[in-house]
Amino acid sequence: MTEDNEMQTTRPGASHRMVKWSPPYRKENVELPEFDLIDIERDGPIGRIVLNSPEKRNPLGYERLLQIEMAAKLLELDEEIRVIIIKGEGPSFCAGYDMAPAKKGERQRNMPGGGYIHPERDRLWQSYDLEHARVYFTLFDLQKPVIAQIHGHCLAGGTELAGFCDLRVVADDAKIGWPVGRNWSPGNLQYMPWLVGMTKAKYYMFTCEPMSGKEAAECQWASESVPADELEARTEELAAQIALTPTDLIMLTKRSINRQFEIMGFRTGIAASVDLLAVASFREQGLYAKRDEKTGESGDEFMKRAERDGLKAAMAWREETFGNRYHESDD
């Protein structure tokens with residue numbers, strides 16, 4: 001380890017130290033991190049990755065995404081596991097990336113505290129979004145099928161996590177949407193046209209109106225939709241049915257289907273959407289809008305309100321301004 005790297009890993013004031021590692025290969029002896037943002041369950045041929053922050057509707061962030069990826073690779077190594085389910089505790093599957101402003105001394109939520117490579121260049125390079133793509137393509141490329149079990153809210157980054165899974169089983173009354181399309185993002189990882197076609201993708205992204213689980217199944221975003229009280233049983237039933245197929249066959253089936261989309265340009269299209277997010281982020285009202293030199297306030301109205309009044313207030317402002325309704329009054 002170089003002196004520079006040592007300085008980065010022990011920077012003054014760091015309140016949380018990670019054990020970071022690359023996904024292991026067969027029989028490698030590696031030091032595992034602490035899985036505190038997810039739970040891993042093994043039940044015969046079915047493995048489960050459970051997002052375990054129900055009080056915040058299971059938001060995604062830098063460390064949680066790493067833990068999802070590492071858990072998926074560990075379950076891939078487990079010869080007993082043939083199918084993986086990703087689900088969320090509490091009232092929702094996942095409310096998206098954690099955009100709550102971090103207070104001084106708090107654990108970083110959505111990206112490394114010191115940036116990825118260089119704090120300024122990272123923004124233009126869109127390292128933030130490329131890291132998300134890297135994790136999601138791990139699920140896409142995994143030898144074993146991955147099923148997203150979706151209930152409650154599945155918003156923004158949560159839809160990306162689900163979208164890169166092989167199947168999505170949703171509750172009829174789930175709320176699936178892209179609220180950040182109103183003020184920030186043209187589509188971080190623009191997978192929507194690949195799942196639902198051009199017309200529905202444009203309607204979904206232009207209006208930012210949420211879909212119910214039933215609507216998601218009708219437009220083929222979801223594999224199927226079931227009553228909320230039947231969601232877990234149906235997901236487990238589907239996983240058990242798929243698990244009857246040997247892994248060495250289903251991995252080739254999965255790759256065979258994935259390759260068709262790759263030949264049509266799926267990976268290149270996703271990469272292009274990352275480039276466009278970088279451009280959108282530097283808009284006058286974008287995520288990286290310049291802060292006021294005198295007050296230090298964010299130049300972006302949403303983040304200004306989030307820092308001043310709290311995230312719930314900022315979301316209420318966005319919904320009132322743009323007419324979308326993602327949250328009920330008692331949320």
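For the numbers below, each heavy atom of this structure counts, side chains included, while hydrogens, waters and symmetry mates do not. For clarity, every value in this text was computed on a predicted model and none was experimentally measured.
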ask   = To the nearest 0.5 Å, what is the distance between OG1 (Thr321) and CZ (Arg305)?
value = 6.5 Å
ask   = Is the backbone of Ser256 close enough, under 3.5 Å, to the side chain of Gln260 for a donor and an acceptor to pair up by distance?
value = yes
inquiry  = Measuring only between side-chain heavy atoms, which start at C-beta, is Pro45 closer than 4.5 Å to Val83?
reply    = no
request  = Would you check, one step at a time, whether the test salt bridge (Lys or Arg N to Asp or Glu O under 4.0 Å) holds for Lys87 with Glu232?
outcome  = CA-CA 9 Å; Lys87 58 192 287 189; Glu232 184 158 349; 3.3 Å; yes
Nearest heavy atoms of Asn183 and Phe302, plus distance in Å = ND2-CB, 3.3 Å
message = Rounded to the nearest 0.5 Å, what separates atom CG in Leu238 from atom OG in Ser223?
response = 7.5 Å
query = Is the count of non-hydrogen atoms from other residues, nucleotides or ligands lying under 6.0 Å from Arg255 atom CZ greater than 12?
reply = no
task = Name all residues meeting the side-chain contact (heavy atoms from CB on, under 4.5 Å) criterion together with Asp122; count only those two or more places apart in sequence or in a different chain, and write none if there are none.
result = Tyr116, Ile117, Ser127
ask   = Is there a side-chain hydrogen bond (donor to acceptor under 3.5 Å, both in side chains) between Gln143 and Asp248 once you walk through the steps?
value = CA-CA 8 Å; Gln143 290 184 5; Asp248 61 353; over 6 Å; no
remark   = Taken in chain and number order and not counting sequence neighbours, the residues that satisfy salt bridge (charged side-chain N to carboxylate O under 4.0 Å, His left out) with Glu224 are Arg234
inquiry  = If you define the side chain from C-beta out and look only at heavy atoms, does anything of Tyr288 sit under 4.5 Å from Arg283?
reply    = no
query = CD/Gln285 to OG/Ser298 distance, rounded to the nearest 0.5 angstrom?
reply = 8.0 Å
request  = State whether the number of non-hydrogen atoms from other residues, nucleotides or ligands found under 6.0 Å of Glu320 atom CD is greater than 12.
outcome  = no
query = Does Arg123 make a cation-pi contact with Tyr128 (under 6.0 Å, within 45 degrees of the axis)?
reply = no
request  = Compute whether any side-chain donor of one residue and acceptor of the other, for Tyr97 and Asn188, lie under 3.5 angstrom apart.
outcome  = no
key: Main-chain N/O of Thr247 paired with Arg82 side-chain donor or acceptor, under 3.5 Å   = no
query = Could you go step by step and tell me if Glu41 and Val50 meet the side chain to side chain contact (heavy atoms under 4.5 Å, CB included) rule?
reply = CA-CA 8 Å; Glu41 299 175 355; Val50 186; 3.9 Å; yes
inquiry  = Please say yes or no: joined through hydrophobic side-chain contacts below 4.5 Å, possibly via intermediate residues, are Ile81 and Ile86 part of one cluster?
reply    = yes
ask   = Mind checking whether Val169 and Gln149 have side chains closer than 4.5 Å, heavy atoms only?
value = no
query = Do Met303 and Tyr62 share a hydrophobic cluster, counting only Ile, Leu, Val, Met, Phe, Trp and Tyr and linking them when any side-chain heavy atoms are less than 4.5 Å apart?
reply = yes
query = Do the side-chain N and O atoms of Trp184 and Asp300 include a donor-acceptor pair separated by under 3.5 angstrom?
reply = yes
ask   = Would you say Asp129 and His132 make side-chain contact, with heavy atoms under 4.5 Å?
value = yes
ask   = Roughly how far, to the nearest 0.5 Å, is the CG atom of Leu75 from the CG atom of Leu142?
value = 8.5 Å
inquiry  = Measuring from atom CG of Leu130 to atom CD1 of Ile270, what distance do you get when rounded to the nearest 0.5 angstrom?
reply    = 11.5 Å
query = Within the distance-only criterion (no hydrogens, no angle test), does the side chain of Ser281 pair as donor or acceptor with the backbone N or O of Leu277 below 3.5 angstrom?
reply = yes
message = Treating Arg291 as the side-chain partner and Gly296 as the backbone partner, does any N or O pair qualify as donor plus acceptor under 3.5 Å?
response = yes
inquiry  = Count I, L, V, M, F, W, Y as connected when their side-chain heavy atoms are under 4.5 Å apart, and connections chain through other members. Are Tyr136 and Val274 then in the same cluster?
reply    = yes
task = Spell out, yes or no, whether Leu60 and Ile176 are grouped together once hydrophobic residues are joined by side-chain heavy atoms under 4.5 Å, including indirect joins.
result = yes
query = Should Leu139 and Ile46 be counted in the same cluster of Ile, Leu, Val, Met, Phe, Trp and Tyr side chains packed under 4.5 Å apart?
reply = no
key: Ion pair check, Arg134 and Glu69, cut-off under 4.0 Å   = yes
note = Ala162 and Trp221 have their tightest heavy-atom pair at CB-CH2, 3.9 Å
inquiry  = Looking at Glu55, I'd like to know if its CD atom is crowded, meaning that more than 12 non-hydrogen atoms belonging to other residues, nucleotides or ligands lie closer than 6.0 Å.
reply    = yes
request  = Before giving the answer on side chain to side chain contact (heavy atoms under 4.5 Å, CB included), spell out for Leu161 and Ile68 the whole-Å C-alpha distance, their side-chain angles and the decisive distance to 0.1 Å.
outcome  = CA-CA 10 Å; Leu161 171 62; Ile68 290 170; 4.3 Å; yes
ask   = Quick one: does Thr295's side chain have a donor or acceptor within less than 3.5 Å of a partner on Glu297's backbone?
value = yes
ring-ring contact (aromatic ring centres under 6.0 Å, His included) assessment of Phe140 paired with Phe261 = CA-CA 12 Å; Phe140 185 80; Phe261 285 86; 8.3 Å; no
inquiry  = Testing the basics here: between Ala306 and Ala314, what is the closest heavy-atom pair and its distance to 0.1 Å?
reply    = N-CB, 3.7 Å
inquiry  = Can you confirm whether more than 12 heavy atoms, excluding those of Glu262, are under 6.0 Å from its CD atom?
reply    = yes
message = When you compare the side chain of Glu230 with that of Glu237, does any pair of heavy atoms fall below 4.5 Å?
response = no
inquiry  = If I take atom CG from residue Asp36 and atom CG from residue Asp39, how far apart are they, to the nearest 0.5 angstrom?
reply    = 9.5 Å
Counting only pairs under 3.5 Å, give me each side-chain donor-acceptor contact of residues 194-210, with atom names and distances, residues two or more places apart or in other chains.
residue, atom, partner, partner atom, Å
Thr207, OG1, Tyr203, O, 2.8
Thr207, OG1, Glu209, N, 3.2
Glu209, OE2, Asn324, ND2, 2.5

request  = For the pair Arg57 (side chain) and Pro54 (backbone), establish whether a donor and an acceptor sit closer than 3.5 Å, ignoring hydrogens and angles.
outcome  = no
ask   = Is a side-chain donor or acceptor of Arg42 paired with a backbone partner of Gly47 at a separation under 3.5 angstrom?
value = no
message = With a 4.5 Å cut-off on side-chain heavy atoms, are Trp125 and His118 touching?
response = no
query = Under 4.5 Å between any side-chain heavy atoms of Ile147 and Ile84, yes or no?
reply = no
key: Derivation and outcome, side chain to side chain contact (heavy atoms under 4.5 Å, CB included), residues Asp43 and Arg48   = CA-CA 8 Å; Asp43 184 8; Arg48 302 184 194 91; 3.0 Å; yes
query = Is the backbone N or O of Ser212 less than 3.5 Å from a side-chain atom of Glu215, with the two atoms forming a donor-acceptor pair by type?
reply = yes
ask   = Any side-chain heavy-atom pair from Pro59 and Arg64 closer than 4.5 angstrom?
value = yes
message = If we count only N and O atoms by modelled type, under 3.5 Å, do the side chains of Ser53 and Asn58 hold a donor and an acceptor together?
response = no
message = Has Asp166 got a side-chain atom pairing as donor or acceptor with Val146's backbone, closer than 3.5 angstrom?
response = yes
ask   = Salt bridge check: are Glu76 and Lys144 linked by an N-O gap of less than 4.0 Å?
value = no
inquiry  = Donor-acceptor check, side chain of Ser92 to backbone of His153, threshold 3.5 angstrom: yes or no?
reply    = yes
task = Might you point out which heavy atoms bring Ala278 and Gln126 nearest each other, and give the distance in Å?
result = CA-NE2, 3.4 Å
message = Set out, in order, the CA-CA distance, both residues' side-chain angles and the distance that settles side chain to side chain contact (heavy atoms under 4.5 Å, CB included) for Trp178 and Leu155, then state yes or no.
response = CA-CA 6 Å; Trp178 192 255; Leu155 306 179; over 6 Å; no
inquiry  = Looking at Arg318 and Glu301, is any side-chain nitrogen of the basic one under 4.0 Å from a carboxylate oxygen of the acidic one?
reply    = no
